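Working notes, structure below.
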Amino acid sequence: MKTFNEMWEELSPYLSVEKGLDEGYADGKYTRFFAKYCKHVDGIDISEDFYKQAKENLKDLDNVHLKMMDAIKTSFDDKSYDVILCTSFHEFDLSGKEKFSMDLNLKTNILKEMMRLSDTLVFAEISPTNISGELYKVFNPTEDHSFRTEVSNLLIDKVLRDAGYQRIIEDYAVDEISYPSKEAFLDDMIDWWNEVKIPKDEEEKKQMQTEIASILETEKMLTDLTFHDIFRYTVYKKEE
Ligand SMILES: C[S@@+](CC[C@H](N)C(=O)[O-])C[C@H]1O[C@@H](n2cnc3c(N)ncnc32)[C@H](O)[C@@H]1O
């Protein structure tokens, strides 16, 4: 498996362009990586909270322009971007209503809108083997996050290939996220899906963190104070 830096290096020829679009930037963590390569990055996200967070987090970058916009219907002209980057976007509920349902029509239409905007599409989506699938169950026991991720990956592949895009890169990489202490690690974990569930009191928080701790320990992540965030990344290009 590649390191996260090796992944960005492999993607850099596709990201080193004049004009790129980041779909679903959230707090802007990966928009910052994108902006190292791309001269002018536009970012869209449907959430006002994330718009405010990312604006603050990226205020030192003058080549990033963030907007609040729904990816299903953007205001951009046809083929106005050299590349579109999506990180951890398509396995999520994209209705903006935080229902966390798997609406395949909606995802298909968002992919069509992406194809209208660019001939090069780069995805870094959580791998179905990512332990986050197990962790997610602590927040919503009836939701199979790994399954949703797998279906999203297959859908992306089918819709894009049917429209004449070719997958020219497919690989896996791990982002190693380190924490200073077990407490900081578990406190961050409880925030990861706070849009799905916030513990109602201290007792519930402790119980959820105990479950999270035992899942993390199956891969010794808590002992190592490092979350191994495994991504599957792909590049699709429309051939002339
Ligand atoms: C899991 S987060 C991924 C964030 C970020 N790219 C990352 O890798 O950390 C998914 C993001 O997509 C945004 N989003 C969901 N539906 C959307 C839509 N229809 N249009 C634009 N953004 C959307 C959410 O607000 C959220 O910020």
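Positions are given from 1 along the sequence. If you're wondering where the values come from, they're calculated on a predicted model, not measured in any experiment. Both counts, for ligands and for their atoms, begin at 1 and track the order of listing.
Separation of atoms CD (E56) and OH (Y51) is listed at 12.0 Å; rounding is to 0.5 Å. Here T31 contributes atom OG1 and L85 contributes atom CG; the two are 8.0 Å apart, rounded to the nearest 0.5 Å.
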I'd like a table of the close N/O pairs between ligand 1 and the protein (anything under 3.5 Å), one pair per line with both atom names and the distance.
{"from": "ligand 1", "atom 1": "6 (N)", "to": "G24", "atom 2": "O", "distance (Å)": "2.6"}
{"from": "ligand 1", "atom 1": "6 (N)", "to": "T87", "atom 2": "O", "distance (Å)": "2.8"}
{"from": "ligand 1", "atom 1": "6 (N)", "to": "T87", "atom 2": "OG1", "distance (Å)": "2.7"}
{"from": "ligand 1", "atom 1": "8 (O)", "to": "T87", "atom 2": "O", "distance (Å)": "3.2"}
{"from": "ligand 1", "atom 1": "8 (O)", "to": "T87", "atom 2": "OG1", "distance (Å)": "2.7"}
{"from": "ligand 1", "atom 1": "19 (N)", "to": "D70", "atom 2": "OD1", "distance (Å)": "2.9"}
{"from": "ligand 1", "atom 1": "19 (N)", "to": "L94", "atom 2": "O", "distance (Å)": "2.8"}
{"from": "ligand 1", "atom 1": "20 (N)", "to": "A71", "atom 2": "N", "distance (Å)": "2.9"}
{"from": "ligand 1", "atom 1": "22 (N)", "to": "I46", "atom 2": "N", "distance (Å)": "3.2"}
{"from": "ligand 1", "atom 1": "25 (O)", "to": "D45", "atom 2": "OD1", "distance (Å)": "2.6"}
{"from": "ligand 1", "atom 1": "27 (O)", "to": "D45", "atom 2": "OD1", "distance (Å)": "3.4"}
{"from": "ligand 1", "atom 1": "27 (O)", "to": "D45", "atom 2": "OD2", "distance (Å)": "2.7"}

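With hydrogens and angles left out, the side-chain atoms of Y179 and D188 include a donor and acceptor closer than 3.5 Å. Using modelled atom types and a 3.5 Å distance limit, the side chains of Y81 and D42 yield a donor-acceptor pair.
Of the residues listed (E125, E170, E150), the one engaging R232 in a salt bridge (charged side-chain N to carboxylate O under 4.0 Å, His left out) is E170, and it is the only one.
In this structure, R148 is positioned above the aromatic face of Y136, its NZ or CZ under 6.0 Å from the six-membered ring centre and within 45° of the axis.
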